[in-house]
Amino acid sequence: MWVYSPEVEGVHLRFGKVARGGLRWSDRRDDFRTEVLGLVKAQMVKNALIVPTGAKGGFVPKQLPDPAQDRDAWQAAGQAAYEVFINALLDVTDNLEYTPEGNVVVQPERTVIHDDDDSYLVVAADKGTARFSDVANGIAASRGFWLGDAFASGGSVGYDHKAMAITSRGAWKSVERHFRELGVNTATDDFTVVGIGDMSGDVFGNGMQRSEHINLVAAFDHRDIFIDPDPDPAQSFAERRRLFELPRSSWQDYDPELISAGGGVYPRSAKSVKLSEQAAKRLGMSPGQYRPNDLIRGILCAPVDLLYNGGIGTYIKSSQETAADVGDKANDAIRVDGAELRVRVVGEGGNLGATQLGRVEAALGGVKINTDAVDNSAGVDSSDQEVNIKLLLDTLIKNGAFSSDERVDVLLSMTDEVADKVLANNYSQNVLLGEARDGADVMSGTHRRLMRYLERNADLDRAVEFLPTTKQLANRTSTGGGLTSPELAVLLAYVKMNAADAILDSDVPGEEWMNEHLLAYFPASLAERFGEHFAEHPLRRQIATARLVNRMVDRGGLTYIFRMVEETGATIPQIARVFTVVSEIFDLDSHFDDICALDNVVDSSVQVKLQHGYVRLLDRASRWLVHQAPTHLDVPSGIERYGSILEQLRPQVPQLLEGTDARELESNAQAFIAEGVPESVAYRAAALLDEFALLDVAQIANRLSIHGEDVAEVYYQVTDLLSGAELLQLIGELDRSDRWSALARGAMRDDYYQAVFAVVLTVLSATEAEGATPAERAQHRIAQWRENNEASLGQVLETIDEIRQLDTVTQTPLSVLLRMMRGIVRSTVWQSEES
């Protein structure tokens, strides 16, 4: 939408019917459209974890007085321009009118309409408009717009982001993850910081209160430069808090008595600043006189632990970009290149603090950095929660299920619950990215294919998103590299958007089991009172889908959905059903929570190993279920069919295993325990891949009407007889560098399990059970079967020994072996028919 009047020019861009994003008071009159385009692209990526897709607006007041002469008049003129902008947007937006039969779309009068019904317009505060949410909501109310005070989140009846510190707390989840990977606990270990912003600002001010171990050695905003070469952590923390609570504070308000020797506060308007020896040593510079802009560049490039951006502007680009490429003239003189950064970690609390190419350049140089879309997504997530809760409460009020007098109190009473849910999203995305970074080199082939898939199916444009070409990625891989964290973050967003679109276009959102995701999205206190009314929410399909997609991707991994599509041909809606069944019958959620509970207890690399085990079981079980139900899996039936047997047998797996499998499980469990993993978690992790076999056990038990434990004893004894652990390891070591080798490797693993399944089924069908316990009965059955198949089994065992002795094992000998294993089954069946 384009707005033009004598008072204001503005633009609002949306990427879908259900979209949201902030409105910015732009100071870039000549290129504000370019600014908004860049912001909406970032917003689309940021919004991948919430219900609406990206939107962004920007406006330029054209009749502003000089703020130096009369700031109040300047603010009033800006607000007047904002009001014109808001009214213009609503002039061409459909409305909804509530009736007892449901909502009816009301189109604008005297308007030529070419598009479909389109009534969802939600805006948020952004640069310069933080105090205007109530103004926008007042306009919406006066015009009877259906969203009421959900139109502009963050007003007086809503969640105060600054009071919640939600944006900085979300960004700090990224900071904490990066530092954990470096062996630093930000809650207990001192670390040095340079920053962009001042303590009066929401994102910077709240960010610098996230840990009492922050040693803030330098910072700058648009007015001043602050330097404290050797701060006392406790005293400086208290002083930062004082400034945060002091209205309209600046660095000039910092108590000079608390600044360490060689430090100070210097106005950016000064001609030069004398840098002391102490400050120079801390910043990795030479002492002497510096122009303020040069000193700021030195601060940005300081050799400290963390660079925290809580300001406005773009301060980091790549060495290949020009100032014109960046499009932020105000900061051209102080901007640095990603290759010049000497920090260990970058936290992006503010928007557009770095260009994407600047981030990638920094990451290739060893800096730990995500993107602003990941780091500061908590603000937009919190606003989305607010809007969706308001829509629910308003629906309840209209239906007479809720008193309007309670609305404000109930909304505000859930502030902490909303914050917890938002921060859980930030945390889980960082868990995913940590796992993806760890395997970026070995997964580069899969990432290459994933990008091609997203280009075909999700409108990904690598050039627009600054993702490497196939050749560039191949060059990185040749030197042991892969996609960087900023690039993985972009793929994360496209994977989620693609999955959400596919699921929303299917029957999945309307299936009964999706109610669990709808209920779980909202605070528990709200679900307890009004859960039965949630199905009346106008965005129920989108809300449930958003939660499902976040869990699928954050827990299954960046490539889980794609690999399932590639390897099985299943649709994304079917994969969503399969994911749900597997997660439930194996109780994977509790194991995932156990892994996350080990933050700062074990090394992050140990947690990644545990995640890998979780993902491997999810992968194998998902493929298995797709093969059982290629087109449609009924989720409740799937859980009922397999859940009870798996629940009974999973705890017994360590005792059911035999021989090499048992020894390997014990060895793996002890290795985890030695790394600090609690015993119960260690044994569950070590047993995960062995648990996968329980799907076959359940299948056989249901088919033959035999008790699950009897089947399990035979299954694991047959697996030991056929050296299952070693064969699976050999299959796992096969090449998977391209699509076909990966598919072949997966098919060979499936062939192995199918061969064991067939042998076990044959043993149970062709023998009689004798013995007092399941183990004794299994031993008797297998002894009978071995006696009847001595010749063919002997050939298989000899071949296994021969393969073990090979220097290099390829697919060929393993294919021969698997064919021989299937031959045992045919031999047994023939003998059974003869008898």
Side-chain angles (χ1 to χ4, degrees), residues 165-195 203-217 219 228 230-238 240-241 282 302-310 341-349 363 366-370 374-376 378 419-420 422-438 485 554 592-612 672-678 681-682 685:
I166 194 64
T167 303
S168 66
R169 289 166 71 189
W172 208 252
K173 294 298 180 184
S174 296
V175 171
E176 288 175 333
R177 175 70 197 204
H178 289 316
F179 274 121
R180 276 200 302 276
E181 293 177 5
L182 294 170
V184 176
N185 182 349
T186 60
T188 60
D189 303 329
D190 290 351
F191 56 100
T192 53
V193 182
V194 295
V203 180
F204 187 84
N206 275 311
M208 290 299 97
Q209 297 179 76
R210 300 272 59 82
S211 170
E212 295 184 13
H213 293 269
I214 291 173
N215 286 326
L216 181 64
V217 300
D228 189 4
D230 188 22
D232 178 277
Q235 286 187 338
S236 60
F237 179 84
R240 289 196 302 273
R241 173 161 291 179
R282 172 62 78 183
V304 296
D305 295 316
L306 171 66
L307 167 59
Y308 182 78
N309 174 31
L341 295 184
R342 292 183 288 173
V343 297
R344 303 170 78 191
V345 174
V346 174
E348 293 199 65
V367 177
K368 289 191 171 292
I369 181 173
N370 293 326
V374 169
D375 286 2
N376 67 33
D420 288 344
V422 167
L423 296 175
N425 282 336
N426 282 80
Y427 176 88
S428 63
Q429 289 205 135
N430 273 283
V431 170
L432 162 68
L433 287 172
E435 192 263 347
R437 286 191 295 268
D438 181 77
S485 194
D554 291 354
F592 187 87
D593 292 341
D594 287 341
I595 295 171
C596 295
L598 297 177
D599 288 349
N600 297 313
V601 175
V602 302
D603 191 278
S604 64
S605 63
V606 176
Q607 289 178 287
V608 169
K609 286 183 198 172
L610 295 169
Q611 278 178 264
H612 286 334
F672 282 130
I673 291 170
E675 296 276 10
V677 178
V681 180

Minimal heavy-atom distance between T186 and S211, with the atoms involved, is O-OG, 2.5 Å

Please name the pair of heavy atoms, one in I595 and one in Q607, separated by the smallest distance, quoted to 0.1 Å.
O-NE2, 2.9 Å

Could I get the full list of salt bridge (Lys or Arg N to Asp or Glu O under 4.0 Å) partners for R169, not counting sequence neighbours?
none

Find the distance between OG (S605) and CD (Q611) and round it off to the nearest 0.5 Å.
11.5 Å

Spatial distance of atom NE2 (H612) from atom CG (D438) [nearest 0.5 Å]
4.5 Å

Quiz question: by atom type and distance under 3.5 Å, do the side chains of [X] and [Y] form a donor-acceptor pair?
| X | Y | answer |
| --- | --- | --- |
| D554 | S428 | yes |
| T167 | N376 | no |
| T192 | N215 | no |

Decide yes or no for [X] and [Y]: does some side-chain heavy atom of the first lie under 4.5 Å from some side-chain heavy atom of the second?
| X | Y | result |
| --- | --- | --- |
| V606 | L598 | no |
| P233 | H213 | no |
| V194 | V217 | yes |
| F592 | V431 | yes |

Has [X] got a side-chain atom pairing as donor or acceptor with [Y]'s backbone, closer than 3.5 angstrom?
| X | Y | value |
| --- | --- | --- |
| S236 | P231 | no |
| Q209 | G205 | yes |
| R240 | M208 | yes |

Just one of R177, R180, K173 clears the salt bridge (Lys or Arg N to Asp or Glu O under 4.0 Å) bar with D599, so which one?
R180

F191: what forms a ring-ring contact (aromatic ring centres under 6.0 Å, His included) with it, not counting sequence neighbours?
F179

